[in-house]
Amino acid sequence: MIEFNLTQIEKKWQKAWKDNNLFKAKKDTNMKKFYALEMFPYPSGKLHMGHVRNFSITDAVARYKRMTGYNVLYPIGYDALGLPAENAAIKNDSDPKSWTLKCIEMMKAQQESMGFSYDMSTLTPTCMPEYYRWNQWIFLKLFEKGIAYKKVAPINWCPDCKTVLANEQVEDGKCWRCKSEVIKKDLSQWFFKITEYADELLKDLSKLEDWPEKVKTMQKNWIGKSEGTEIYFKVKDMDLEISTFTTRPDTIFGITYLVFAPEHQIVKQLIKGTKDEKEINKFIKEVAKKSTIERTAEGKEKNGIFTGQYFINPVNGDECPIYIADYAIMDYGTGAVMAVPAHDKRDFAFAKKYKLPVKVVIQPKDNKLDVKTLKDAYTDSGVLVNSAEFDGTNNEVAKDKITKWLEKNKLGKSTVNYKLRDWLISRQRYWGTPIPIIYCDDCGIVPADENDLPIVLPDGAKFDGKGNPLEKIESFINCKCPICGKPAKRETDTMDTFVDSSWYFLRYTDNKNDKLPFGDNHKYWMQVDQYIGGVEHAILHLLYARFFTKALRDIGLTDIDEPFKRLFTQGMVLKDGVKMSKSIGNVVDPGIIINKYGADTARLFILFAALPEKELEWSDKGVEASYRFLKKVYKLVDDNKIKATKIDVDTLDAKSKYVLSLIHSTINSVTENIDNFRFSFAIADIMALTVEVQKLALKADKNYKIVVAEGIDTIIKLLAPFTPHIAEEMWSMVGGKGFVSEWPVGNEDYIDKKAILMETFVKDTASDVRQIVQLIGKTPESINIYVAPEWKHKIYELAKGKPKSLIAEVMKDTEMKEIGAEASKYAQSLMKRPVFLDVLSSDDEYLALASGLDVFIDEFDCEINVIRADESESDKSKRAEPGKPGIEVL
RNA sequence: GCAGGGGUCGCCAAGCCUGGUCAACGGCGCUGGGCUUAGGACCCAGUCUUAUAGAAGUUCGGGGGUUCGAAUCCCCUCCCCUGCACCA
C-alpha cells in the first residue's frame, strides 16, 4: 500500500498558492464577478469545528466559482474588537491590542493550514485605526442625518464593576463577574435610529428570495410590526390623559380596568398623595429589582396593585380602576394597556386574581358566552354586543369603524407599532471604537472634526475591571472644542462591536481606501453573492448589516439597499448528538484532526457527512473513511500517471464506453449538486465514479488507459473545490500544467445510455459469478451463462423518461379506471416487465450482455460461454433453474 | 402560546416540491468471502421478513382520505428540535 503524507502535500501547495498570489481578486471589472463571504470570526485564537465547517463550505463555493470562470472575491478578516479581549487583558494584566493581534496570528495560521483560498490583501482587523476610523466617519455622517442620537435610557448597571452589562451578562439578576446585584439605571446613551427603517427592513425581506425562510421569519418577528389603534383616556378628577395602544379597538366597550407598567412616568403623578403611595412605591421598587428575564420567566403569575385612581371610558362613560402591573412593559406600545378581560388571556388571568369585572362584548357565532361560566378569554372573532351603536357588527369590521369613530372625536388614532427598538451602541468599555463626540461647556454636544479622525484608542490604559479605562486617561479625555476652541471633554463611550460587522463586507471591496470607507469599486463587487454563516446571527448581525447598508445609501455612499443576495446558514456541528461545547467536554479540536489526517480529510468529511444546512454529527469513523477515500484516489492516480487525451469513442469497447459515460454524467450531476449546495451528494457521485475508474484501470489494454486518464483528469477537477491540496498534487502527478483551474463540462455525446445498460447487465452477472468463484475459492476454467429473454429487469436506464407515457397508454387501453383494483394489479404486472422490455429489441439486450462479458475474461481469465436460453427448445432445459443464478462455473 | 424545522430499513442520512425505474442513494457499523502467517489495509458480496428463486409479504411516527397506484398530495393526531415570548 502506498503511503502518502497529506500534511506535507498540503504545506507544499499552500506555499505554491501563496507564492503565485493565486487567490487575489482581479481588477478586471469586465469579468463576471462572484463575491463569496463567510461571517468573519471573532479572533479567539483557535478555530473550532463550526468555523471549519463554515469556511470549508465557503471555500468550496469560492474555488468552484473560480474554476467556472468567475472573478472571485473571497476575503478574510476578523471581528477584532470586543469584550473577550478586554477580559483577557484584565485577567493577564496585559492589553487587549497585543492579545488580539496575537490571537489573529494564531487563527490565521490555522486558517492557512486548512488551505482556504482567501484574498489575503483584504485582511484588515477591525481593531486597527485604519478600519475603525471609518466607523467614526460613518458615525459623524449618521449624526448629521439624525440617525445617530443620544438619549437617556435604562440599562443594566453593575455598581461594583462600574460598567453597563449586556443582557447576556446578567445572570439571575447578578453580575456574571463579581456577582453583585445588577441595577437598572438611567444613563445617557448613544443610539442608532434603526426604527426609522423598520418598515423598509420589513418590506425588503421580500426582495431576499435566496434567503432561508427561517431567517426571514425571525427578522419579521423581531421587527414585530403590528397595526392598531392608540386610544386616549382621561383620569377621573385629574388633569391627566393616558395614551394606550391596542390591536383590538373592537373590544373598547369591554374595558374594565387599565394597567400601567411600573416604570411609567405618569404613575408618580397618579399616586402622589394617595393613602397607599408608600405601598405602591414599594411594589414598583420590587418589580424594578427583577431583571427582565426574571420578570418574564414565570410566565403565568401576574402581579399588580391598585393606584386608587379611576379613568373614564370615553365610549360609554364607564369609570374603571387604574392598576399598576408587572405584565405591562414600558418598552412596548405606550406602556399603558387598556384591559379587556373577556377577550384577552392576560387580562382575564389578572382580572380573576384581583376580582375585577369581566364584560363580554363579542359573541361567537355558534354559542353564547356567559360571564359566569367563562373559563378563559374568548379571543376569536364574532359579533359585537354591549357596544351601543356598534352592536351586531362583525368584530373585524368594527376595528376599523371604531378607530374611525375615535379619530373623528379626537379620542384616538390608527397607528403602527414595532417591537424593534433603536439600537443602543454605547459601551462603557475600552476595546471598541471611540465615539467621535466632544462635550463643550459652551457649545454642548459637538461632533469631532472629520480631519481629526481617527480618534485612536490611547495606550497605557489600566485594566483592573473597574469601569471604563478610557475615563482615567486624561490625555484622551481632554481636547479642544472644534467650534470654539475652548478646553472640552471627549466622549469615553465606545461603539458596540456590531457596528464593525455591519459594513465590513463593503470595506473588503476597497480596503486600502484612505479617503472614504469604500469607493466605486464596491459597485462592481456588491452585492455579496453568497454569504455563509451560522443561524445564530439571523437577527442581530444580519438585521444591523441590512440597516447599515440602507443608512449608508441614505448618506450617499452607495446605491445598494440590500447587502447579501444569497444567504446560507450552515447547521451546527454535533458530537454524540449534542452541540460541541467546552462545558460538556465533547469538543473535537480541528488542529488535532488536521495534524493527524490532513486538512483535506477534515474538509472532505465535513462536506460529505451531512448536507451543509443540516446538523453535522462528528464521527471519527467517518473521518477515517474520508481519509481512506483520499488514499484510494491518490493510489489510483499514482498507479496511472497518464495525461488525458482526445478520445475516439468508436474505438472503445463496452466497458470503457460505460466508464466514459459515467465520467460525463458524473460531471453533470456533481455540477448540479454543487449549484444546489448539495456537497455530500456531489462527493458521493465522485466516490462512485472513482470506484468505476479504478476497476477499469486494472485492465492492461491501451484502450482503457485513455478512458482512465479521462476519468482521473475529471476526478481531480471535481475534487478540487473540496480537497484542493491533494487535487493539485495529483494534477502535477499526471503532468498537468500550473494549477487545477478549469471545471470540466459534461459531454453529452459521451453519455451513452446503452453503455450504461450493458454495465447493469454485466454488473448483475458479475456479482453472481464472483460469488460462485469466491465460494469455490479458485479461478474457474470456464463459465457458462444462460440468458433468459426476460432475464433482467434493470433496463430502466434506457427507458428513462418513457415510463409515464407508457403507463398512460396501458391505462388507456385497458380502461383501468373502470376496472378498478384488478386493473391496478394488471398494470403493475405490465410495468414490471413486458412494457419495458418492448423498449428494447431482445437482440440489443442480448448483445449488451455478450459484449460486456470481456470483463469476465479479463477478471477471471477463463472461458466464457453465453447461451441464449430461447435459441431452441432444447436450450430451455438449460435455462436458469431455481437455485442457480443462471450461471454455471466449470 | 406564536413562528420555523423535523420524525425514513442498526446508526448517520437521501428521496417528498414535479405520485409509478422505491425494499427505498450514499456513508458508518455488522456478517460472509477473496487476499494474507495473522491482524490492519485493500477488494467482492450480503445486511426488513419468508423463500430454492429472478418471487411474495410487510414497511418510511400514528390514524384517516384522494388515486388504478402514496414515503411522496390532503385532513387529523402524537413526539422531537430551534427561535421569539406576559408585544396589549
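Residue numbering restarts at 1 for every chain, and letters A, B, ... go by the order of the sequence lines.
Across the strands present, rG39(B) finds no partner; the criterion is a Watson-Crick or G-U wobble pair with both atom distances under 3.5 angstrom. Under the Watson-Crick and G-U wobble criteria, each requiring two contacts below 3.5 Å, nucleotide rC60(B) is left unpaired. Partner assigned to rG83(B) is rC2(B), using Watson-Crick or G-U wobble distances below 3.5 angstrom. Searching all strands for a Watson-Crick or G-U wobble partner of rG26(B) with both distances below 3.5 Å returns rC12(B). Nucleotide rA45(B) forms a Watson-Crick or G-U wobble pair with rU31(B), both donor-acceptor distances falling under 3.5 Å. Base pairing analysis places rG20(B) opposite rC68(B); the two distances defining the Watson-Crick or G-U wobble pair are each below 3.5 Å.
Remark: R248(A) is not in phosphate contact with rA88(B), judged by side-chain N or O atoms under 4.0 Å from OP1 or OP2. For the OP1/OP2 pair of rC87(B) and a distance below 4.0 Å, the side-chain nitrogens and oxygens of R346(A) include at least one atom meeting the criterion. An OP1 or OP2 oxygen of rA88(B) is reached within less than 4.0 angstrom by no side-chain nitrogen or oxygen of K345(A). At least one side-chain nitrogen or oxygen of R628(A) sits closer than 4.0 Å to the OP1 or OP2 atom of rC28(B).
For the C1' atoms, the distance from rC30(B) to rC48(B) is 15 Å, rounded to whole Å. Atom P of rA71(B) sits at a distance of 16 Å from the matching atom of rG7(B), rounded to the whole Å. Taking atom C1' in both rG5(B) and rA23(B), the straight-line distance is 28 Å, to the nearest Å. When the P atom is used for both rU67(B) and rG19(B), the distance is 16 Å, rounded to whole Å. Taking the P atoms as reference points, rC2(B) lies 30 Å from rC12(B), given to the whole Å. As rounded to the nearest Å, rG20(B) and rG15(B) have C1' atoms that lie 14 Å from one another. Between the P atoms of rU31(B) and rC84(B), the separation comes to 46 Å (whole Å). Comparing the C1' positions of rC74(B) and rC16(B) gives a spacing of 14 Å, expressed to the nearest Å.
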Next on the checklist: Set out, in order, the CA-CA distance, both residues' side-chain angles and the distance that settles side chain to side chain contact (heavy atoms under 4.5 Å, CB included) for L719(A) and F629(A), then state yes or no.
Outcome noted: CA-CA 12 Å; L719(A) 273 178; F629(A) 171 72; 4.2 Å; yes

Next on the checklist: Using side-chain hydrogen bond (donor to acceptor under 3.5 Å, both in side chains), reason through T229(A) and T403(A) one step at a time and then give a plain yes or no.
Outcome noted: CA-CA 7 Å; T229(A) 308; T403(A) 303; 2.9 Å; yes

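The base of rC86(B) sits within donor-acceptor range of the side chain of K302(A), with an N or O pair under 3.5 Å.
Remark: D685(A) pairs with S669(A), N673(A) by the side chain to side chain donor-acceptor pair (under 3.5 Å) rule, at least two apart or across chains. Residues forming a salt bridge (Lys or Arg N to Asp or Glu O under 4.0 Å) with R346(A) (at least two apart in sequence, or on another chain): D344(A).
Taking the six-membered ring for Trp and the full ring otherwise, the centers of Y327(A) and F350(A) sit less than 6.0 Å from each other. Remark: aromatic rings of F568(A) and F677(A) are close, center separation under 6.0 Å. Between F605(A) and W618(A), the ring center distance clears the sub-6.0 Å criterion.
Contacts of F608(A) with the nucleic acid, taken as non-hydrogen atoms under 4.0 Å apart, involve only primed sugar atoms and P, OP1 or OP2. Looking at heavy-atom distances under 4.0 Å, K214(A) makes contact with sugar-phosphate atoms alone, never a base.
Considering only the side chain of K621(A), rG29(B) comes nearest among rG29(B), rG83(B), rC87(B). In the set rG26(B), rC87(B), rA88(B), rC87(B) carries the atom at the smallest distance from any side-chain atom of K419(A). For T217(A), counting side-chain heavy atoms from C-beta on, the closest listed nucleotide (rG4(B), rA88(B), rC44(B)) is rG4(B).
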Could I get a table of every N or O pair under 3.5 Å where one atom is in the protein and the other is in nucleotides 12-15 of chain B?
residue: rA14(B); atom: OP1; partner: K614(A); partner atom: NZ; Å: 3.1
residue: rA14(B); atom: OP2; partner: K614(A); partner atom: NZ; Å: 3.2

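Aromatic ring pairs are classed by plane angle as parallel below 30°, tilted from 30° to 60° and perpendicular above 60°; the pair H541(A) and H537(A) is perpendicular.
For the ring pair (Phe, Tyr, Trp, His ring centres under 6.0 Å) criterion with F233(A), the lone passing option out of F260(A), F311(A), Y257(A) is F311(A).
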